[in-house]
Each structure stands twice: as structure tokens, then as C-alpha cells.
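A short worksheet on the structure shown next.
When reading the values below, keep in mind they use all heavy atoms of this one structure, side chains included, and skip hydrogens, waters and symmetry mates. Counting convention: from 1, in listed order, for ligands and their atoms alike. Since this is a predicted model, take the numbers as computed values, not measurements.
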Amino acid sequence: MNNAGFLKGRDFLKLLDFTPEEIEKLIELSSELKKMKKNGVPHKICEGKNIALIFEKTSTRTRCSFEVAAYDLGMHVTYLDPTGSQIGKKESIADTARVLASLYDGIEYRGYGQEIVEELAKYSKVPVWNGLTNEFHPTQILADFLTIKEKFGKLDGIKFVYMGDARYNMGNSLMVGCAKMGMDFVACAPKKYFPAPELVAECKKIAKETGATITLCEDVKTSLEGADVIYTDVWVSMGEPAEVWEERIKDLTPYQVNSAAMALAKESAVFMHCLPSFHDLNTKVGAEMGERFGITAMEVTDEVFESEASIVFEEAENRMHTIKAVMAATL
Ligand code: CP
Ligand code: NVA
């Protein structure tokens with residue numbers, strides 16, 4: 001394993017902190033670890049270490065990926081759920097960081113503002129990994145990019161179209177990732193859902209060096225022409241008030257990924273989604289929205305979600321292999 005430990009002691013808080021070469025090496029390491037797992041080759045290279053997982057928001061994929069990856073690497077895990085610790089209520093982030101860093105070899109944090117995970121890292125002497133904040137979801141992007149590489153054999157030059165609310169964690173981090181890796185990124189959304197101008201400017205600067213392009217476009221047809229990857233995310237994210245559903249459904253329905261949208265992209269185009277997804281009415285929230293607004297799906301139709309073009313479950317599996325690489329690289 002050539003790249004294990006190549007980021008020893010570093011935090012993993014956002015992709016802006018990493019060079020394209022480092023991101024590429026993390027993807028290569030993920031691929032190597034994935035092969036080892038598939039071939040039953042043991043890789044307990046972090047034997048005897050302990051990690052803490054702080055989740056101030058709920059999770060299926062990220063939590064399970066950190067746990068399985070940690071066990072495969074030979075580590076022990078403590079999970080702190082959204083209500084079960086003193087964090088933020090009776091104890092500051094700075095104090096929590098210093099306590100946990102004296103007990104653990106690494107700390108994962110999922111929660112609200114990016115400044116919280118940055119503060120945690122500032123006061124922690126062990127690596128801190130961002131498991132999702134309102135602004136960024138960097139481990140998700142590594143999984144997305146590993147999946148794209150497996151599918152297309154490259155990242156460079158891929159036309160990547162993100163449809164929907166592009167101002168939140170997924171839109172932001174995908175734009176940064178595409179800029180770093182020389183991809184053609186399009187945020188296809190109504191203007192008010194475009195990413196923040198400062199982040200767009202920063203990504204355009206990076207893009208100049210890597211050969212990437214960054215486009216913000218309200219028109220679905222123009223955006224999707226020649227697209228290799230169509231990506232979307234939920235229209236209302238964790239922590240947002242329920243009142244915004246009505247406005248989001250109204251604003252973003254024209255940006256739903258449906259068969260007509262897929263037909264505008266390349267014939268070889270794939271559909272991706274970080275999940276969880278409202279592609280039918282088989283969830284509590286999906287059923288409630290179905291009833292209230294007379295709809296059968298939100299950001300993606302069931303037809304596209306279940307189609308041959310959909311690689312969402314390969315993508316979900318890759319969360320584990322890429323999170324394992326982040327831990328193996330930084331510990
Ligand atoms: N994609 C993702 O982060 O999923 P979870 O919220 O289930 O962790
Ligand atoms: N934007 C979503 C991503 C979930 C993985 C959220 O923050 O809820």
C-alpha cells in the first residue's frame with residue numbers, strides 16, 4: 001500500500017485544503033483498499049487505534065462507512081449520537097476537542113456550520129475528518145469521484161451537471177472537487193440556488209490552473225447537452241425548517257432529474273445522488289409531500305433512480321472504501 005500514511009497528522013475538513021495530486025492519491029488508495037477487501041486480503045494497518053464519531057445530525061452511509069472502515073483497519077470506535085454527549089450544550093467545541101484528542105487517535109464530526117469542524121480541528125492534536133457540515137461534504141466527493149473513475153476511467157474532461165439546490169454542502173463540494181480535478185462543472189438551478197459568488201470565484205481561480213470549467217446556468221437543455229454525469233441531491237437538507245418544502249418544490253421541480261432530462265445528456269450518461277433520495281413515496285417525508293403537493297417523486301423520478309444509468313448504489317458502497325482511505329492516509 002504505497003499511499004497509506006501519506007497525509008499523516010492532517011485533518012480532512014474540505015477539498016479546498018488539498019492539491020489535485022493529493023486528491024488523486026486518496027482515490028488511488030481507495031481503489032487499492034477496495035481491491036484488498038474484495039480479495040479478502042487483511043489490511044489492519046491501524047491496529048490498536050481508537051476513533052470517535054460525533055454525529056450532531058443523523059446518518060446511515062457515513063456512520064456505517066466510518067465504522068466498517070475502522071474495523072477493517074483494526075480500530076475501535078465510539079459513536080456519539082446527536083443527543084448522547086455534552087457537545088455544544090454543556091461543553092464547548094474547544095474543550096471537547098482537547099478531551100477527545102487525549103483519548104482517541106482520530107475524530108469524525110458531522111453537524112452544522114463548517115466553522116465548528118474547523119474549531120474542533122484547531123484544538124485537536126489528532127486528525128479531524130468532516131463527515132458533513134452545512135457547507136461541505138468532502139468524503140462524499142471522494143466516493144463520487146472514485147465511482148466516476150471506475151465508470152469512465154478518468155475525471156479530467158468529464159462534463160458534470162449538478163441539478164437543484166447548488167448552494168448547500170453537495171453543490172459546493174462538488175464544484176470545488178470538479179475545479180480541482182479538471183472537470184467541466186455546471187450548476188443547473190434557478191439563480192437564487194447558485195453557489196455563493198466568493199466560492200464560485202475561488203473555484204474559477206483553481207479551474208484556470210487545472211483546465212476545469214465552472215458554469216452556472218438556469219437553462220436545463222443547455223446545461224445537459226453533452227453531460228456525462230447528472231447529479232442531484234434532496235431539495236431540503238438536514239437542519240432546514242420544514243416550512244421551506246413548499247417553495248423548494250415550486251422552484252426546483254423544473255430541475256427534477258427525470259427521463260426527459262436524461263435524454264438531453266449523452267447516451268452514455270450516468271445518474272448519481274449522494275442519497276438518501278426522495279424518488280418515490282416510500283418514506284415518511286416522501287409520503288407527506290406526495291399527499292400535500294400531489295407529487296410522486298421530488299429531485300429524481302423513480303424511473304431514473306431505478307434505471308440502468310443509475311449508479312447510486314455503487315456510489316454508496318464507495319463511501320466506505322474512500323473513508324477508509326482518508327483514515328489510512330491521515331493516521
Ligand atoms: N450520503 C450521506 O452522507 O448519507 P448519510 O446521511 O446516510 O450518511
Ligand atoms: N444536502 C444533504 C446531503 C445529505 C447527504 C443534507 O445536508 O441533508
Side-chain angles (χ1 to χ4, degrees), residues 12-15 30 51 53-70 77 79-82 108-114 116-117 129-148 162-177 187 189 193-196 199 229 231-245 248-249 251-252 255-257 271-279 282-286 289 298-300 305 310-324 326-327:
F12 190 75
L13 306 179
K14 56 187 183 306
L15 292 178
S30 312
I51 63 164
L53 308 180
I54 305 171
F55 279 83
E56 297 208 89
K57 289 177 179 170
T58 52
S59 167
T60 298
R61 272 147 296 273
T62 309
R63 176 193 173 175
C64 297
S65 295
F66 268 100
E67 290 213 14
V68 172
V77 176
Y79 170 68
L80 297 167
D81 78 9
E108 178 275 354
Y109 174 85
R110 163 172 290 198
Y112 295 86
Q114 180 70 14
I116 302 173
V117 78
W129 309 299
N130 179 358
L132 178 145
T133 58
N134 294 345
E135 291 82 0
F136 296 115
H137 193 8
T139 64
Q140 176 71 50
I141 311 316
L142 291 182
D144 299 340
F145 286 5
L146 172 62
T147 315
I148 294 171
Y162 179 89
M163 311 263 291
D165 183 358
R167 340 157 272 187
Y168 218 69
N169 42 27
M170 286 312 304
N172 288 345
S173 350
L174 285 165
M175 178 170 69
V176 174
Y193 296 92
F194 284 171
L199 187 64
V229 178
Y231 200 112
T232 192
D233 181 19
V234 289
W235 288 341
V236 178
S237 288
M238 289 183 276
E240 293 197 283
E243 296 82 77
V244 299
W245 271 112
R248 296 288 164 82
I249 290 173
D251 291 345
L252 296 173
Y255 297 85
Q256 179 187 64
V257 182
F271 169 72
M272 298 181 77
H273 191 309
C274 53
L275 305 182
S277 153
F278 294 117
H279 57 92
N282 297 332
T283 58
K284 202 167 154 241
V285 176
M289 295 310 146
M298 284 190 264
E299 73 275 7
V300 55
F305 188 89
S310 171
I311 54 171
V312 295
F313 293 110
E314 286 98 310
E315 185 185 356
E317 181 194 321
N318 282 340
R319 295 298 310 287
M320 199 284 283
H321 306 298
T322 42
I323 281 173
K324 190 185 283 178
V326 168
M327 292 196 287

Give me the nearest non-hydrogen protein atom to [atom] as residue plus atom name, then the distance to 0.1 Å.
atom: atom 6 (O) of ligand 1; value: Arg110 NH1, 2.9 Å
atom: atom 2 (C) of ligand 1; value: Arg319 NH1, 3.2 Å
atom: atom 7 (O) of ligand 1; value: Thr60 N, 2.7 Å
atom: atom 4 (O) of ligand 1; value: Arg61 NE, 2.8 Å
atom: atom 7 (O) of ligand 2; value: Asn169 ND2, 2.8 Å
atom: atom 4 (C) of ligand 2; value: Leu132 CD1, 3.9 Å

Select one of side chain, backbone, both or neither to describe which atoms of Asn134 lie under 4.0 Å from any atom of ligand 2, heavy atoms only.
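Within the 4.0 Å criterion, Asn134 makes no contact with ligand 2.
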For [Y], is there any backbone N or O sitting under 3.5 Å from a side-chain donor or acceptor partner on [X]?
X: Arg319; Y: Ser65; result: no
X: Glu108; Y: Phe55; result: no
X: Thr232; Y: Met163; result: yes
X: Asn130; Y: Phe12; result: no

Under 3.5 Å: N/O of [X] near N/O of ligand 1:
X: Arg63; value: no
X: Thr58; value: no
X: Leu275; value: yes

Is Ser237 close to ligand 2, meaning an N/O of one under 3.5 Å from an N/O of the other?
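Among all N and O atoms of Ser237, at least one is under 3.5 Å from an N or O of ligand 2.
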Below 3.5 Å, N or O to N or O, backbone or side chain included: is there any such pair between Tyr168 and ligand 2?
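So ligand 2 has no N or O lying under 3.5 Å from an N or O of Tyr168.
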Is there a donor in the side chain of Tyr193 and an acceptor in the side chain of Asp251, or the other way round, less than 3.5 Å apart?
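On atom types as modelled, these side chains qualify, holding a pair under 3.5 Å.
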Are Glu135 and Lys14 close enough for a salt bridge, meaning some N to O gap below 4.0 Å?
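The answer is no: the pair does not qualify as a salt bridge.
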Would you please determine whether Lys57 falls within less than 4.0 Å of ligand 1 on a heavy-atom basis?
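Judged by the 4.0 Å heavy-atom criterion, Lys57 does not count as contacting ligand 1.
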What residue among Glu299, Glu315, His279 forms side chain to side chain donor-acceptor pair (under 3.5 Å) with His273?
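Looking at Glu299, Glu315, His279, the match for His273 under the side chain to side chain donor-acceptor pair (under 3.5 Å) is Glu299.
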Is it true that Leu275 lies under 4.0 Å from ligand 2, counting heavy atoms only?
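True for this residue.
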Would you mind finding which of Met238, Gln140, His137 brings a heavy atom closest to atom 8 (O) of ligand 2?
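Among Met238, Gln140, His137, the closest heavy atom to atom 8 (O) of ligand 2 belongs to Met238.
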Does Leu132 approach ligand 1 within less than 4.0 angstrom via side chain, backbone, both or neither, non-hydrogen atoms only?
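Near ligand 1, Leu132 shows nothing, with every heavy atom at 4.0 Å or more.
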For the side-chain contact (heavy atoms from CB on, under 4.5 Å) test, which of Leu132, Asn134, Ile141 pairs with Asn169?
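Only match with Asn169 under side-chain contact (heavy atoms from CB on, under 4.5 Å): Leu132.
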Using a strict 4.0 Å cut-off to heavy atoms of His137, name the atoms of ligand 1 that fall inside it.
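Checking each atom against His137, I get 2 (C), 3 (O).
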